[in-house]
Structure formats: structure tokens, C-alpha cells
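No experiment lies behind these values; they were computed from the predicted model shown.
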Amino acid sequence: MHNPAITQVTIDNTLANRWSGRAYDATKGVTQEQVIALLEAARWAPSCFGDQPWRFVVWDKNTDAASWQQAFECLVPGNQAWVKDAPLLLLICADTLFGHNQKPNRWAQYDTGAAAENVCLQASSMGLMAHQMGGFDPDKARATFNIPEQYTLMAMMSVGYQADIATLEGDTLARETAPRTRKPLSELFFGATWGKPVPGLSE
């Protein structure tokens with residue numbers, strides 16, 4: 001299924017084709033080289049002071065099914081219904097303190113989001129599909145995988161190859177086939193002062 005973004009002007013294909021689908025091919029794994037490429041993409045994201053506050057925990061179903069299952073069990077049931085076929089799961093965490101002085105880093109979550117988006121774009125460029133999820137139990141994940149309190153658990157992510165949407169059903173299928181929508185540009189981006197749209201933006 002091809003579901004590109006509908007934009008006012010043309011944007012880069014990798015951006016336009018990045019899509020958080022839910023139909024994963026259970027028969028196709030992600031190679032070690034692909035995993036490393038995803039992590040390199042995250043590593044080279046920008047960050048305040050170059051601090052790189054993000055930390056990722058990675059579970060590959062094809063190399064460590066038991067740990068993958070533990071991660072899977074941290075997800076809410078609604079996500080488990082379709083994530084079951086994704087070969088790769090990631091947990092994305094943000095360090096609350098700067099590494100160079102151990103003072104609070106209020107930009108850590110912003111920077112960690114940039115690293116996560118780099119993973120999504122790298123996945124898309126390699127023909128993979130990544131889907132970020134807020135629906136998980138952070139306390140359970142922290143306890144299960146011994147994550148220090150210093151780190152804020154931001155999101156989980158599934159990565160794998162897209163499957164035919166016929167593998168989905170019910171509400172998940174409806175969400176998968178619904179038209180992609182976004183708020184109008186004029187509602188999100190302001191020119192010179194708050195609430196005044198940038199000239200030329202669509203309503």
C-alpha cells in the first residue's frame with residue numbers, strides 16, 4: 001500500500017513517503033546491517049551541546065525472541081494486536097541531565113525526538129516502515145529492562161517490512177485505510193507574530 005503525504009508543494013520523497021503503517025510482514029526480518037543503519041541515523045541527529053541525550057533499547061525478534069516478547073508485553077493491547085508481526089522493537093529514552101555537567105537538560109526530549117525521526121526517515125529510505133507508539137507501560141519497561149531513573153521513557157517504535165493490508169481487520173484496518181490528514185498549514189505556522197499565517201499557506 002502506497003500512502004504518500006498530500007502537500008501544497010512538492011517535498012522530498014523520503015519525507016512524503018514516511019508513513020506509520022500497521023501491517024507488518026511476519027516472514028521478513030530486518031538484517032543486522034539495516035539495524036546499524038537505523039542507529040547510525042539516530043546517532044547523527046542534532047542535539048544541544050552535541051550531548052546526544054537519546055538512548056535506545058533494541059529488540060530483534062529473529063535473534064532474541066524472548067527479550068522481544070518482554071518488550072511486546074509492555075505495549076497496550078491495542079498496539080499488541082498489530083505489532084505482533086513486527087520483527088524489530090525499540091524503546092526511545094531521553095537523558096534528563098547533560099553529560100558534561102550533570103545539570104538538567106530541558107532540550108533532551110526535543111533532541112531525542114529528532115533522533116527518533118531520523119530513524120523513521122532512514123527506515124523509509126530503505127523500504128522499511130517505522131511506527132512510533134506512546135501506548136506502552138513505562139514503569140513496566142523500566143523495571144523489566146533495568147533503565148535508570150535518570151532517563152525518561154519517551155516512546156516505543158516498531159520497524160519492519162510492510163505487508164498486505166489484508167492481514168489487518170476491524171478498527172486497525174479502518175485506521176490503516178483512512179485518508180491521511182493534517183491540520184492546515186495556516187493553523188500551524190505563523191509569520192512574524194502569533195496567529196498570523198505565513199503568506200501563501202493554504203487554509
Side-chain angles (χ1 to χ4, degrees), residues 1-5 11-26 28-64 67-72 74-76 79-80 82-96 99 105 107-138 141-142 144-145 147 151-163 175-176 180 182:
M1 181 175 175
H2 188 56
N3 199 5
I11 63 174
D12 184 85
N13 281 336
T14 300
L15 296 169
N17 291 325
R18 185 214 61 78
W19 181 50
S20 302
R22 298 171 181 83
Y24 282 99
D25 189 337
K28 297 180 70 173
V30 179
T31 68
Q32 183 182 36
E33 184 176 356
Q34 288 173 318
V35 172
I36 293 172
L38 295 173
L39 303 184
E40 281 285 16
R43 184 165 74 115
W44 288 98
S47 61
C48 184
F49 288 114
D51 197 73
Q52 297 172 250
W54 49 83
R55 299 293 185 273
F56 286 50
V57 185
V58 182
W59 301 280
D60 188 334
K61 191 175 187 178
N62 295 305
T63 60
D64 189 346
S67 293
W68 182 97
Q69 183 64 32
Q70 286 182 300
F72 175 81
C74 292
L75 293 166
V76 300
N79 285 331
Q80 289 179 340
W82 54 268
V83 169
K84 60 180 174 39
D85 292 328
L88 202 68
L89 290 175
L90 299 88
L91 174 64
I92 302 152
C93 308
D95 194 345
T96 60
N105 180 0
W107 300 277
Q109 295 183 14
Y110 177 88
D111 294 341
T112 298
E117 178 67 358
N118 271 17
V119 173
C120 292
L121 294 175
Q122 180 65 30
S124 182
S125 76
M126 297 191 300
L128 297 167
M129 185 171 65
H131 191 123
Q132 300 179 82
M133 298 167 283
F136 72 103
D137 186 335
R142 187 185 299 279
T144 302
F145 300 105
I147 300 168
Y151 294 87
T152 302
L153 281 61
M154 301 303 302
M156 290 186 69
M157 181 188 295
S158 56
V159 180
Y161 284 95
Q162 187 176 10
R175 294 166 67 188
E176 193 79 349
R180 294 183 69 181
R182 287 293 189 274

Can you name the residues that form a side chain to side chain contact (heavy atoms under 4.5 Å, CB included) with Arg142, not counting sequence neighbours? Ile147, Glu149, Leu153
So which heavy atom on Leu91 is nearest to which on Phe136, and how close? CD1-CE1, 3.8 Å
Can you see which heavy atom on Asn79 is nearest to which on Gly135, and at what distance? ND2-O, 3.1 Å
Minimum heavy-atom separation for Trp107 and Cys48, please, with both atom names. CE3-SG, 3.8 Å
Which distance, rounded to the nearest 0.5 Å, do you find between the CH2 of Trp68 and the OG1 of Thr63? 12.5 Å
Minimum heavy-atom separation for Ala94 to Thr112, with atom names? CB-OG1, 3.3 Å
To the closest 0.5 Å, what do you measure between CG (Leu38) and CE (Met126)? 4.0 Å
Residue list, side-chain hydrogen bond (donor to acceptor under 3.5 Å, both in side chains) with Asn13, at least two apart or on another chain: none
Taking C-beta and beyond as the side chain, do Asp51 and Asp111 meet within less than 4.5 Å on heavy atoms? no
Kindly say whether Lys84 contributes a backbone atom to a donor-acceptor pair with the side chain of Lys61 at under 3.5 angstrom? yes
Distance (rounded to the nearest 0.5 Å) between Ser158 OG and His131 NE2: 6.5 Å
Geometric class of the Tyr24/Trp82 ring pair [parallel <30°, tilted 30-60°, perpendicular >60°]: parallel
Check ring pair (Phe, Tyr, Trp, His ring centres under 6.0 Å) between Phe145 and all other residues, then give those that pass, not counting sequence neighbours. Trp59
Mark yes when over 12 heavy atoms from residues, nucleotides or ligands other than Arg182 sit less than 6.0 Å from its CZ; otherwise mark no. no
Under 3.5 Å: donor-acceptor pair, side chain of Gln80, backbone of Phe72: yes
Ala116: what forms a side chain to side chain contact (heavy atoms under 4.5 Å, CB included) with it, not counting sequence neighbours? Ile92, Gln132, Met157
Residues two or more places apart in sequence or in another chain: which of them pass side-chain hydrogen bond (donor to acceptor under 3.5 Å, both in side chains) with Gln34? Thr31, Tyr161
Arg18 meets the side-chain hydrogen bond (donor to acceptor under 3.5 Å, both in side chains) criterion, sequence neighbours left out, with Ser20
I'd like to check the ring pair (Phe, Tyr, Trp, His ring centres under 6.0 Å) partners of Tyr151; sequence neighbours left out, ordered by chain and number. none
Can you confirm whether Trp54 sits close enough to Ser47 that some side-chain heavy atom of one is under 4.5 Å from a side-chain heavy atom of the other? yes
Set of residues satisfying side chain to side chain contact (heavy atoms under 4.5 Å, CB included) with respect to Trp44, sequence neighbours excluded: Glu40
Just do the side-chain contact (heavy atoms from CB on, under 4.5 Å) check on Val83 and Leu89 with the steps written out, would you? CA-CA 9 Å; Val83 169; Leu89 290 175; 3.5 Å; yes
Could you grab the distance from atom CD of Gln69 to atom CG of Asp64, nearest 0.5 Å is fine? 11.5 Å
Evaluate the side-chain proximity of Met154 to Thr152: yes if any heavy-atom separation is below 4.5 Å, no if none is. yes
Output the distance between atom CG (Leu121) and atom CG (Leu15), rounded to the nearest 0.5 Å. 5.5 Å
For Pro53 and Asn105 the tightest heavy-atom approach is CB-ND2, 4.0 Å
Taken to the nearest 0.5 Å, the spacing of Met129 CE from Cys120 SG works out to 11.5 Å
List the residues meeting side chain to side chain contact (heavy atoms under 4.5 Å, CB included) with Asn118, not counting sequence neighbours, and say none if there are none. Ala41, Ala45
Residue set satisfying side-chain hydrogen bond (donor to acceptor under 3.5 Å, both in side chains) with Thr96, at least two apart, ordered chain then number -> none
So which atom in Val159 and which in Val30 form the shortest heavy-atom distance, rounded to 0.1 Å? O-CG2, 4.2 Å
